[in-house]
*Asks:* 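Sharing a structure, written as structure tokens. Questions coming.
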Amino acid sequence: SFAAATSTGLRSMLCVFLLLPAVTVSSYMLIGYMYTFLVKVVMLPSQTALFSNATALLVLSLMLPVSGALSDRFGRRPLMAAGAVWIMLLAYPAMYIVGNGGVAGAFGGQIMLAIGIALYSGAALTAMPELFPTSFRGTGHAISYQTGVAVFGGSTPLIAAWLVKLSGSPVAPGIYIAVVAAISLLVIKWVPETNRVGLRDSVGAAATSKGHEPGERLGQASRELPQP
């Protein structure tokens, strides 16, 4: 029914909104903060800072489809969890390496962060639209995704600057990234698995059917959907 589809769509919108912080905060830190940090704090030449940042972004771009393919094989949630744990444990060390390791540290620390972002984002960005029923997918995903990017991504430079000023440490934003990743790790446990679930119906609706364990419910929902 329309009411059921809307209710499921709203739950899926909340899932997308809560999955986004680990994507947007870490990505915006790599894309929008690192270059300025390397030039103004680490005092690297602008060309070196730009090249190291571009290299990390290239690694991120190449790993995203790898993460997506792995999530097709092992599931969205395991890959998101692996990425969240990676970011949670290594975000601060990566920032420290970038801040204190010279040219080699600039490359190594940023690549370290890029790997974690790719592991998480490749699965998360695939799972997000899969959370919605077809009738609500475009609207629900667009609203929740853009709102999450504006709230979490848009505030990242401000929060990073505030943390640096408050702590006196230029690598303090690494703690913020780690905390966000830890929260996302908790959220993943609440988000249903979407791999191998038919997209004609909502994964949320499949997960609420009675009589089976969550993994069985999702698999059964996929098998029962009408084929084109």
*Asks:* For Gly116 and Trp86, which heavy atoms make the closest approach, and how far apart are they?
*Replies:*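 For Gly116 and Trp86, the tightest heavy-atom pair comes out as CA-CD1, 3.3 Å.
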
*Asks:* With a 4.5 Å heavy-atom cut-off, do Ser67 and Tyr120 have their side chains touching?
*Replies:* no

*Asks:* Same hydrophobic cluster for Val149 and Ile159, using side-chain heavy-atom links shorter than 4.5 Å among ILVMFWY?
*Replies:* yes

*Asks:* For Ala118, is there any backbone N or O sitting under 3.5 Å from a side-chain donor or acceptor partner on Ser121?
*Replies:* no

*Asks:* Give every residue pair that meets the side chain to side chain donor-acceptor pair (under 3.5 Å) criterion with at least one member in residues 39-61, sequence neighbours excluded.
*Replies:*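 Output for this query lists Ser52-Gln110, Asn53-Gln110.
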
*Asks:* I want to check something: taking the side chain as every heavy atom from C-beta on, are Thr147 and Leu20 in contact at a cut-off of under 4.5 Å?
*Replies:* no

*Asks:* With a 4.5 Å limit on heavy-atom distance, are the side chains of Leu113 and Met34 in contact?
*Replies:* yes

*Asks:* Applying the side-chain contact (heavy atoms from CB on, under 4.5 Å) criterion to Arg76, which one of Leu125, Val191, Leu70, Thr194 satisfies it?
*Replies:*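 Among the candidates, only Thr194 passes.
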
*Asks:* CD1/Ile115 to CG/Leu60 distance, rounded to the nearest 0.5 angstrom?
*Replies:* 10.0 Å

*Asks:* Any link between Leu58 and Leu119 through a network of hydrophobic side chains (Ile, Leu, Val, Met, Phe, Trp, Tyr) touching at under 4.5 Å?
*Replies:* no

*Asks:* So do Thr156 and Thr24 actually touch side chain to side chain, heavy atoms under 4.5 Å?
*Replies:*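 The answer is no, as the side chains (C-beta and beyond) never meet within the 4.5 Å cut-off.
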
*Asks:* Do Val103 and Phe51 touch side chain to side chain, with heavy atoms closer than 4.5 Å?
*Replies:*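 No - every pair of side-chain heavy atoms lies 4.5 Å or more apart.
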
*Asks:* Taking all non-hydrogen atoms of both residues into account, name the closest pair between Met95 and Pro173 and its distance.
*Replies:*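 So the two residues come closest at CE-CB, 4.4 Å.
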
*Asks:* Under 4.5 Å between side-chain heavy atoms, counting indirect links through other Ile/Leu/Val/Met/Phe/Trp/Tyr residues: same cluster for Val59 and Leu62 or not?
*Replies:*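 Different clusters: Val59 never reaches Leu62 through Ile, Leu, Val, Met, Phe, Trp or Tyr contacts under 4.5 Å.
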
*Asks:* Let me confirm one number: the CE-CD1 distance from Met88 to Ile177, rounded to the nearest 0.5 Å.
*Replies:*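 The CE atom of Met88 sits 13.5 Å away from the CD1 atom of Ile177.
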
*Asks:* Once rounded to the nearest 0.5 Å, what's the spacing between atom CG of Leu38 and atom CE of Met43?
*Replies:*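 Reported value, rounded in 0.5 Å steps: 12.0 Å.
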
*Asks:* Would Ile188 and Leu19 count as a side-chain contact (heavy atoms from CB on, under 4.5 Å) if you check the C-alpha gap in whole Å, the side-chain angles of each, and the deciding distance to 0.1 Å?
*Replies:* CA-CA 7 Å; Ile188 291 166; Leu19 285 172; 4.2 Å; yes

*Asks:* Which pair of heavy atoms, one from Trp190 and one from Cys15, lies closest together, and at what distance?
*Replies:*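 The answer is CZ3-SG, 3.7 Å.
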
*Asks:* Kindly indicate whether the side chain of Ile175, heavy atoms from C-beta on, has any atom under 4.5 Å from the side chain of Leu163.
*Replies:*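 They are not in side-chain contact.
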
*Asks:* Is the shortest side-chain heavy-atom distance between Ser71 and Asn195 below 4.5 Å?
*Replies:* no

*Asks:* Report yes if some heavy atom in the side chain of Phe37 is under 4.5 Å from a heavy atom in the side chain of Val171; otherwise report no.
*Replies:*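 Of all side-chain heavy-atom pairs linking Val171 with Phe37, at least one is under 4.5 Å.
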
*Asks:* State, to 0.1 Å, how close Pro78 and Glu193 come at their nearest heavy-atom pair, and which atoms those are.
*Replies:* CD-OE1, 3.7 Å

*Asks:* So which heavy atom on Thr36 is nearest to which on Gly32, and how close?
*Replies:*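 Scanning both residues completely, I find the closest heavy atoms to be OG1-O, 4.3 Å.
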
*Asks:* Look at the side-chain heavy atoms of Ile, Leu, Val, Met, Phe, Trp and Tyr, link any pair under 4.5 Å apart, and say whether Leu50 and Phe107 land in one connected group.
*Replies:* no

*Asks:* Any idea which heavy atoms bring Met13 and Ser144 closest together, and the distance?
*Replies:* O-CB, 3.4 Å

*Asks:* Are Ile31 and Leu64 joined in one hydrophobic group, where the rule is that I, L, V, M, F, W and Y side chains link up if heavy atoms are under 4.5 Å apart?
*Replies:* yes

*Asks:* Pick one: which of Val25, Val23, Leu30 meets side-chain contact (heavy atoms from CB on, under 4.5 Å) with Ile117?
*Replies:* Leu30

*Asks:* For Tyr35, does the OH atom have more than 12 heavy-atom neighbours from other residues, nucleotides or ligands under 6.0 Å away?
*Replies:*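 Yes, the 6.0 Å shell around OH holds more than 12 heavy atoms from other groups.
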
*Asks:* Could you check whether the rings of Phe152 and Phe17 sit parallel, tilted or perpendicular, using 30° and 60° as the cut-offs?
*Replies:* tilted

